[in-house]
Amino acid sequence: MLKIIHFFLAMVIVLPVYAFALDGTKLLLEIDRNLSPESYESYRKLINIEPSGAKKEFTLFTVKKGTDKVASVFLAPASEKGRSTLRLGDNMWLNIPNVGKPIRITSLQSVVGGVFNNADILQLDYAAEYDVSKVEEEDGGYLLHLKAKTKTVAYDQIKIRADKQKKLPTKIECLTEAGMLIKTLYFKDVKDFGGGIVRPAVIETDSPLYKGYKSVMIMAKVKKRTFKDEVFTLTFMPNLESLR
Amino acid sequence: MKRFGIILLAMLLSAMSSATMAEETYTFDLSEIEKKPYSFAGYVETRPVFYGLDTDAALYKLRFFDDANRRTLWEANGRVRLEGNYEKNILRVFGRLNTDLQYNDHIHGSERTTFYEAYLSAKPLTSVKIDFGKKTMKWGKGYAWNPVAFADRPKDPDDPEQAMEGYIVATADFIRSFDGPLKTVSVTPVLFPVYEHVNSDFGQNNKLNAAGRLYFLFYDTDIDVMFMTGGSRPDRYGLDFSRNLTTNFEIHGEYAWLKNIRKTVLDSTVVSNQVEQDAHSFLVGLRYLTSFDLTAIVEFYSNSAGFNRDEMKNFYSLISRGFDAYQITGDLTGLGRAGQLAESGYARQNAMRNYLYVRLSQKEPFEILYFTPSLTCMINTDDLSANIMPELLYTGITNLELRLRAGIITGKDNTEFGEKQNDYRIELRAGYYF
């Protein structure tokens with residue numbers, strides 16, 4: 001009898017926690033899929049804005065496949081044109097056409113300067129890199145607390161505030177292991193890109209580490225597309241623009 | 001008056017609100033991303049350089065023997081690079097034409113225009129690409145040196161990010177991707193002709209050389225194995241690797257085995273001898289990013305085909321004797337011989353055996369966006385001479401790159417950098433992309 005009571009008590013304690021964690025993971029997967037199809041192409045404009053108002057713009061063509069493959073090629077400005085970046089899981093490379101072979105880069109560096117780093121530009125699905133540690137409901141939305149699956153992920157912790165109906169992020173805070181805020185991403189201007197893709201078209205970011213600076217990412221022509229795995233290889237990097 | 005104040009306040013608030021709205025409106029004109037079958041681009045550069053000369057140095061005496069009171073040298077360099085690209089179906093034609101201009105008050109002007117790259121590509125499948133024409137192969141993982149870049153010209157370690165001229169080749173890439181620890185395999189065979197008007201400066205003429213590279217991405221590590229054979233240069237085999245240990249720490253390495261390399265060396269009586277030996281060349285390096293955005297690149301390069309300290313001393317001794325003979329009798333024989341040996345390898349960059357390269361660059365210090373100061377040291381670990389290069393780079397104006405750089409030489413007599421022609425140099429490079 002005692003065993004049955006113990007079992008019942010254990011189930012009472014464990015089951016809701018298990019169910020909650022499962023909900024969090026499921027919610028994160030839904031957010032990932034709402035942000036983008038698993039495989040897609042898109043165009044992006046990155047704008048770095050200095051406190052003086054001075055701007056520098058970059059245009060990229062990006063392709064993604066599955067949870068861990070993403071590649072981009074710069075289309076503008078002329079000084080960056082043809083540069084390409086590739087990410088396979090934790091591995092990242094930069095190919096500068098004039099200079100030489102692709103070199104390994106790190107997620108915390110930035111190929112464009114400004115507040116966006118390489119991990120932001122070559123963003124994988126959040127569920128591929130993070131586990132949901134807690135989900136809360138607040139102000140009519142969700143607050144997901146994420147913890148990096150490995151030490152190689154750019155941010156140790158992430159807090160995602162998501163719209164309850166649309167299940168799309170509205171604000172993401174990126175934190176260090178000690179809980180220090182590195183940057184905040186604001187998701188704005190939800191737009192219908194066609195093909196069932198409805199997602200924020202603008203992502204703004206600022207950082208206490210770069211006071212007064214702001215970077216903006218604008219999405220265009222996001223559409224589902226499948227690619228061969230060979231596209232996501234070092235050897236293919238110089239040819240990424242041929243996919244346009 | 002009160003009404004006027006309210007109206008003024010309302011107008012101010014309205015203006016602020018409009019400004020905020022304007023600030024938050026971002027545009028992405030889709031005409032910017034429209035793809036055309038052709039494209040053109042270019043780059044122009046001006047690079048004035050001031051040299052403070054070392055009148056006691058061996059290479060000063062070799063170059064300025066007839067102008068031996070010269071203490072400084074001004075040099076103006078210019079570069080124009082034009083490139084064009086045309087794509088139709090699976091075919092692509094690409095050309096990059098480079099013109100270098102140089103003027104200094106010693107040898108006056110020079111101009112060289114050449115295609116750095118000009119090739120035809122066919123991409124019948126995503127996993128297959130065939131190229132024919134002049135192109136750079138870009139093998140190797142090192143930043144300053146690439147001992148395994150068998151089918152390329154040597155990099156300039158003082159400026160390793162400069163565009164390079166390629167060779168005329170026929171080559172292809174075959175790529176396969178897999179699931180599991182082995183993610184990618186690619187094969188790159190190369191046919192490398194060396195004839196009278198084709199790659200004639202590469203090595204022995206009238207040979208059709210073959211080279212190849214096999215690339216793996218295995219357990220998150222880039223691995224390449226490569227070879228070159230055919231007779232224009234001695235056969236050579238190599239391998240390289242690169243791997244991220246953490247998000248901010250990368251390691252890489254290269255190893256090359258060169259069979260039966262021949263080189264001309266001077267003995268202590270400054271008599272030239274041809275020696276033949278197998279040579280082993282390797283490089284190990286790392287790239288590390290600190291939490292405060294300082295990137296460190298450190299590489300150690302060893303080349304057993306390089307000259308040892310005695311061989312270099314003998315070369316400097318030959319110059320010194322030749323210079324003295326010229327001063328006394330006007331006889332140029334000794335300096336002429338030294339000039340030939342300099343061209344054959346003694347005066348090439350990093351002609352000795354062991355080097356340490358350290359580059360520290362701080363991204364955007366003091367929150368100055370697009371500003372990167374850096375410090376580069378090239379140290380000859382055989383004789384402990386060095387070239388120290390502080391640098392300021394600014395890329396804040398779209399398509400304009402400004403770089404101010406100095407080079408300060410340290411080294412005793414009879415050391416590699418101590419015998420370079422200058423004590424220091426200062427250069428400003430302004431490059432514009434269009």
Side-chain angles (χ1 to χ4, degrees), chain A residues 43 45 47-48 50 54 56-57 59 61 75-79 81-82 88-93 96 98-101 103-110 113-114 119 151-154 188 201-202 204 210-213 216 218-221 227-236 239 241-242 244, chain B residues 24 26-28 30 32-33 35 41-42 87 92 96 121 123 126-127 129 136 138-141 143 146 155 160-164 173 175-178 183-184 186 188 215 217 220 222 242-244 246-250 252 287 289 293 295 363-364 367 369-370 395-396 398-401 433-434:
Chain A
Y43 289 87
K45 180 181 271 191
I47 310 171
N48 290 333
E50 297 177 52
K56 194 167 180 186
E57 298 185 353
T59 309
F61 173 66
L75 307 177
S79 57
K81 189 171 162 50
L88 293 177
D90 296 333
N91 304 287
M92 286 187 196
W93 298 266
I96 305 174
N98 284 348
V99 174
K101 69 278 164 192
I103 53 164
R104 282 190 173 248
I105 53 175
T106 68
S107 56
L108 293 173
Q109 286 176 309
S110 176
K151 290 274 181 198
T152 57
V153 177
K188 298 180 172 179
V202 174
E204 276 183 18
Y210 292 85
K211 284 199 175 76
Y213 290 92
V216 181
I218 309 165
M219 312 287 294
K221 288 191 168 180
F227 301 95
K228 290 201 163 188
D229 283 345
E230 282 74 16
V231 164
F232 302 90
T233 58
L234 260 63
T235 318
F236 196 85
N239 311 315
E241 207 180 331
S242 67
R244 294 177 65 209
Chain B
E24 290 188 350
Y26 306 107
T27 55
F28 194 169
L30 294 183
E32 291 174 34
I33 52 176
K35 190 177 181 184
E87 273 183 72
R92 175 180 178 238
R96 178 180 291 138
S121 271
K123 203 154 71 61
T126 308
S127 54
K129 186 164 80 92
T136 49
K138 302 165 185 168
W139 290 354
K141 302 294 182 208
Y143 180 76
N146 292 118
K155 230 181 213 182
E161 296 191 2
Q162 278 297 319
M164 296 203 305
D173 285 317
I175 317 168
R176 277 296 303 273
S177 287
F178 306 95
K183 286 195 169 68
T184 310
S186 80
T188 307
Y215 163 77
L217 177 56
D220 290 338
D222 295 318
S242 172
R243 180 184 172 84
N244 273 52
T246 64
T247 52
N248 59 343
F249 187 23
E250 179 264 359
H252 56 265
R287 192 182 285 251
L289 175 72
D293 270 340
T295 299
K363 183 194 155 206
E364 298 166 356
E367 296 187 2
L369 212 56
Y370 315 116
T395 56
T398 299
N399 294 327
L400 182 67
E401 192 177 281
Y433 297 84
F434 57 94

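To find a chain, count down the sequence lines: A is the first, B the second, and so on, and within it residues start at 1. Not measured: the values here are computed from a predicted model.
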>> Looking at every heavy atom in both A:T59 and B:I33, which two are closest together, and how far apart are they?
In response: CG2-CG2, 3.6 Å
> Measuring heavy-atom distances to chain B, does A:I105 have an atom under 4.5 Å in its side chain, in its backbone, in both, or in neither?
Replying inline: backbone
> Given that the side chain runs from C-beta out, which part of B:L369 has a heavy atom under 4.5 Å from chain A: side chain, backbone, both or neither?
Replying inline: both
>> Is A:I218 close to chain B through its backbone or its side chain, or both, or neither, when contacts mean heavy atoms under 4.5 Å?
In response: both
>> Under a 4.5 Å cutoff for heavy-atom pairs, which residue among B:T398, B:D220, B:T184 has the most contacts with chain A?
In response: B:D220
> Is there a donor-acceptor contact under 3.5 Å from the side chain of B:K35 to the main chain of A:E241?
Replying inline: yes
> Between A:Y210 and B:E364, which heavy-atom pair has the shortest distance, and what is it?
Replying inline: CE2-OE1, 3.8 Å
> When heavy-atom pairs shorter than 4.5 Å are enumerated against chain B, which of A:A76, A:S242, A:A54 gives the highest number?
Replying inline: A:S242
> Mind checking what makes ring pair (Phe, Tyr, Trp, His ring centres under 6.0 Å) contact with A:Y213, not counting sequence neighbours?
Replying inline: none
> Contact part of B:F249 toward chain A, heavy-atom cut-off under 4.5 Å: side chain, backbone, both or neither?
Replying inline: backbone
> Do you know which of B:E87, B:R287, B:H252, B:K183 has the most heavy-atom pairs under 4.5 Å to chain A?
Replying inline: B:R287
>> Restricting to non-hydrogen atoms, name the atom on B:S127 and the atom on A:E230 that form the minimum distance, rounded to 0.1 Å.
In response: CB-CG, 3.7 Å
>> Using a 4.5 angstrom heavy-atom cutoff, name the option from B:L400, B:D293, B:N248, B:T188 with the most pairs to chain A.
In response: B:N248
>> Within the structure provided, determine whether A:L234 and B:L217 are in side-chain contact (heavy-atom separation under 4.5 Å).
In response: no
>> As an exercise, state the distance from CH2 of A:W93 to CG of B:N244, rounded to the nearest 0.5 Å.
In response: 8.0 Å
>> How close do B:K123 and A:N239 get, counting heavy atoms only, and between which atoms?
In response: CE-CB, 4.2 Å
> chain B heavy atoms under 4.5 Å from A:V216: which part of the residue, side chain, backbone, both or neither?
Replying inline: side chain
> Out of curiosity, A:T233 OG1 to B:Y215 OH, how far, rounded to the nearest 0.5 Å?
Replying inline: 7.5 Å
>> Taking the six-membered ring of B:Y370 as reference, does the cationic atom of A:K56 (NZ for Lys, CZ for Arg) lie under 6.0 Å from its centre and within 45° of its axis?
In response: yes
>> To check you understand the geometry: which heavy-atom pair defines the closest contact between A:S79 and B:N399, and what is its length?
In response: N-OD1, 2.9 Å
>> Out of B:T295, B:T126, B:D173, B:D222, return the one with the most heavy atom pairs under 4.5 angstrom to chain A.
In response: B:D222
> Side chain, backbone, both or neither: which part of A:T235 has a non-hydrogen atom closer than 4.5 Å to chain B?
Replying inline: both
>> Could you report the tightest heavy-atom contact between A:R104 and B:E250, atom names first, then the distance?
In response: CB-CG, 3.7 Å
> Checking heavy atoms, do the side chain of B:K363, its backbone, both or neither come under 4.5 Å from chain A?
Replying inline: side chain
>> As an exercise, state the distance from CD of B:E32 to NZ of A:K45, rounded to the nearest 0.5 Å.
In response: 3.5 Å
>> How about CZ on A:R244, more than 12 heavy atoms from neighbouring residues, nucleotides or ligands closer than 6.0 Å, or not?
In response: yes
> Taking only residues two or more places apart in sequence, or in another chain, which ones meet B:R96 in a side chain to side chain donor-acceptor pair (under 3.5 Å)?
Replying inline: A:N98, B:E83, B:E117
> A:A220 versus chain B, heavy atoms under 4.5 Å apart: side chain, backbone, both or neither?
Replying inline: both
